[in-house]
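Accompanying notes for the structure given below.
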Amino acid sequence: MADTGSTPNPFPREIMPGVRVCADPAAVARATARQFVDWAWQSIAREGSFIVALSGGSTPRELYRLLATPEYRAQVDWPRVQLFWGDERAVPPDHPDSNYGMVRRELLLNVPIPPQNVHRMEAERPNIGRAAHDYEETIRKVLDLNEQGFPRFHLILLGMGPDGHTASLFPGSRSPQQTSRWVSTPMVSKLGAKRMTLTLPVLDAAKRVLFMITGAEKAEVLRQVLEETADPPYPAQLVQPRDGARYFLVDEAAASKLLSSDEPSAQTDGKTRRRP
Ligand code: 6PG
């Protein structure tokens, strides 16, 4: 990056309700780690636990690495944290593509979380449909349900692909918007593989949903998602917590096409706009 003489702003700047822009992917990871620690404190103080669904892919890797550092590790009461996954690839846990495997290497091996508090998706099982049912039963044992009968996570971390997919809810996939299921196993045609994923109603039932999005290749889709102009809507656009807050922590590259990214910071309340 050319030396403009001005150092990048170390603090995220708010550009619209719930949307904060950070200088680069490392700053997105730091801001998310900060948020994770704060929300853990709040949830554990109020409800005795912090129940989180983690995201896969490459973007959150630095976050998991940071949370395992002495600086952050000591600020979280890990025995009161319950970890789930938002989605998983149909591979064994030691496979390089495993979302669980990545989190285990970067975080789980380095923090004092009891193994019984870690709930991975067994998406490698031959009967992935059965595995999805079993995962719903595990969720039922740990989480409270909202009025609509869906489990209410304290936090769901999400990413977004350049095609607007989130978790393993892909555009054009038959993952229905309205379903009574909590966990589904779509065949993702573009990958030629099955995935296991939390369903949209479960994402919408969360107390907080936080998207971590970095990279210029996602700028156009992010613009459409936030300005709600895509038709049909991208899966990431459909995530609108019913009684919760939706947050975005993005880097300058991903925010480069947002009209409001140059305007002075807007006052935010994290409240989302309702689906029209
Ligand atoms: C996965 C993820 C997926 C991810 C996006 C973005 O299992 O791949 O859960 O939804 O968040 O594909 O991936 P990157 O962070 O690698 O760009």
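Computation of the quantities below employed the complete heavy-atom set of this structure, encompassing side-chain atoms and omitting hydrogens, waters and symmetry-equivalent molecules. Just so you know, ligand 1 is whichever comes first in the structure, and atom 1 is the first atom listed for that ligand.
- Note: no N/O pair closer than 3.5 Å links Leu158 and ligand 1 by distance alone.
- A salt bridge links Arg181 with Glu136: at least one charged nitrogen is closer than 4.0 Å to a carboxylate oxygen.
- The neighbour count for Gln116 CD, taken as heavy atoms of other residues, nucleotides or ligands under 6.0 Å away, is above 12.
- Annotation: atom 17 (O) of ligand 1 to nearest protein heavy atom, Lys218 NZ, 2.6 Å.
- Among all non-hydrogen protein atoms, the one lying nearest atom 9 (O) of ligand 1 is Asp87 OD1, 2.6 Å.
- Side-chain atoms of Thr138 come within 3.5 Å of backbone N or O of Asp134 as a donor-acceptor pair.
- Ring to ring, Trp39 and Phe50 are not that close: their centroids are 6.0 angstrom or more apart.
- For the pair Glu252 and Arg13, the salt-bridge criterion is met [side-chain N within less than 4.0 Å of a carboxylate O].
- Those atoms of ligand 1 that come under 4.0 Å of a heavy atom in Gly159, given as number and element, are 11 (O).
- Atoms of ligand 1 lying under 4.0 Å from at least one heavy atom of Ser55, given by number and element, are 11 (O).
- For ligand 1, the polar-atom distance check finds no N/O of Ser168 at less than 3.5 Å from any of the ligand's N/O atoms.
- Between Leu249 and Val19 the shortest side-chain heavy-atom distance does not fall below 4.5 Å.
- Residues Tyr247 and Phe211 keep their aromatic ring centres 6.0 Å or farther apart.
- By heavy-atom distance, the residue among Pro25, Ser58, Gly56 lying nearest atom 14 (P) of ligand 1 is Ser58.
- Between the side chain of Asn99 and the backbone N or O of Gly57, at least one donor-acceptor pair lies under 3.5 Å.
- Ranking protein heavy atoms by distance to atom 5 (C) of ligand 1, first place goes to His165 NE2, 3.4 Å.
- The protein non-hydrogen atom at the shortest distance from atom 6 (C) of ligand 1 is Met160 O, 3.6 Å.
- Residue Thr59 touches ligand 1 through backbone and side chain together, judged by heavy-atom distances below 4.0 Å.
- At the shortest separation from atom 13 (O) of ligand 1 among protein heavy atoms lies Gly57 CA, 4.0 Å.
- In the vicinity of Arg89, heavy-atom distances shorter than 4.0 Å reach the ligand 1 atoms 1 (C), 7 (O), 8 (O).
- Considering only non-hydrogen protein atoms, atom 10 (O) of ligand 1 sits nearest to Ala167 O, 2.6 Å.
- The part of Asn99 lying near ligand 1 is the side chain, judged by heavy-atom distances below 4.0 Å.
- A 4.5 Å side-chain heavy-atom check between Leu198 and Met121 finds at least one atom pair inside the cut-off.
- In summary, the atoms of ligand 1 found under 4.0 Å from a heavy atom of Arg195, numbered by their order in the structure, are 1 (C), 7 (O), 8 (O).
- Residues Leu158 and Leu210 form no side-chain contact, since every pair of their non-hydrogen atoms from C-beta on lies 4.5 Å or further apart.
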